[in-house]
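In listed order, ligands and their atoms are each counted from 1.
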Amino acid sequence: MSLKKAVLRGCGAYLPEKTLSNDDLAKMVDTSDAWISERTGIRERHVAADGERTSDLAVEAARAALTAAGMGAGDIDLIIVATATPDLTFPSTAAIVQGKLGVRQGAAFDIQAVCTGFVYALATAEKFLASGQHSRALVIGAETFSRILDWTDRTTCVLFGDGAGAFVLEAVEERAAAGRGVLGSELRCDGSMVDLLYVDGGVSATQTTGHLRMQGNKVFREAVTRISQAMETVVEKAGMAMDDIDWFVPHQANQRIIQGVVRKLGLRTEQVISTIASHGNTSAASIPLAYCAGVEDGRIREGDMVLFEGMGGGLTWGAALMRA
Ligand code: ACO
């Protein structure tokens, strides 16, 4: 049985209407626009309205992706939602999204790898499509981190934002794909670093939702080396070199981490699709949101080679390579 290629047919993005600037945050905690923008590159972030759930954001992004792909709900037989901020403990946000979209066939499930979630989800979808088990997948990164932030903790509340991004991927015979599709992925986790980045609540531990806690500088120290290694591995395994990469679409955690990776791997700043200034860190949503921005403004075109990376709680990290 020959494996198929998972080819991107369309992407979609959704950001909540309300924005919060660094100056707005400076009225809430002891911080400043200068500190936040110099240390992170973030200038503002979007925040979900009262009652607006992760699934609502996901559905908006999914609808936009389906429109871009020229498909309808009836075409989709796999929905994967990467999120660390689900609507409910269960059912999965993917099941809720499936219901809202009116998809009645196939499978739907969530993936939890925090900020690496979209890379994990993309890699998972690729396996299901390549094997022929499913035909067309919606891969969504959707988060409402505003719900798990401690808004009195300046070390974390300035970093995150809400949003959702979605890809529609289709299984295509290798010859017809003509080199397009997800070409590889490298997924990693080191659970000995759970304490560096976690939420201090949960169903089994406290029966509360909890708040995000992070030893940011320790995560920062791990980031550049581990992310770069995953990127190098995925490119090498695909038989390519960094020179073959057209666009680098990183997880948007910190502009300094992105710059560190760019320097280490000899990429050029102009190859980076960065939305961190206006989105902040939207966790699993940040990669598809940035990708859509690159498509919308005409930078990323069909046939371009795109490299993704993510790093988040777990610690998890990883990279994926795709010809658009
Ligand atoms: N405003 C003003 N001062 C602040 C703020 C703030 N918002 N936050 C922290 N500070 C202070 C600290 O209290 C500290 O003060 P001190 O020197 O008097 O003790 C000083 O600034 C330096 O703090 P550091 O934490 O060392 O600052 P750093 O340069 O490391 O930047 C940051 C912090 C932005 C969090 C950075 O470490 C980072 O980006 N880390 C990586 C985050 C990441 O990638 N996370 C993974 C993905 S997220 C996920 O998976 C959910």
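Every protein residue with a heavy atom nearer than 4.0 Å to ligand 1 is included here: Asp30, Thr31, Trp35, Arg39, Thr40, Val114, Cys115, Phe145, Arg154, Thr155, Val158, Leu159, Phe160, Leu197, Met214, Gly216, Asn217, Val219, Phe220, His251, Ala253, Asn254, Arg256, Ile257, Asn281, Met311, Gly312, Gly313.
Ring pair His46/His279 is perpendicular by interplanar angle, where above 60° counts as perpendicular and below 30° as parallel.
Applying side-chain hydrogen bond (donor to acceptor under 3.5 Å, both in side chains) to Ser55 and the options Thr83, Asp87, Thr93 leaves one that passes, Asp87. Each of Arg221, Arg213, Gln215, Met214 was scored for a side-chain contact (heavy atoms from CB on, under 4.5 Å) with Leu196, with one residue passing: Gln215.
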Derivation and outcome, ring pair (Phe, Tyr, Trp, His ring centres under 6.0 Å), residues Phe308 and Phe248: CA-CA 6 Å; Phe308 304 102; Phe248 172 36; 9.4 Å; no

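Residues Thr54 and Thr144 approach most closely at OG1-OG1, 2.8 Å, considering heavy atoms.
In this structure the side chain of Ile258 reaches within 4.5 angstrom of the side chain of Gln252, judged on heavy atoms.
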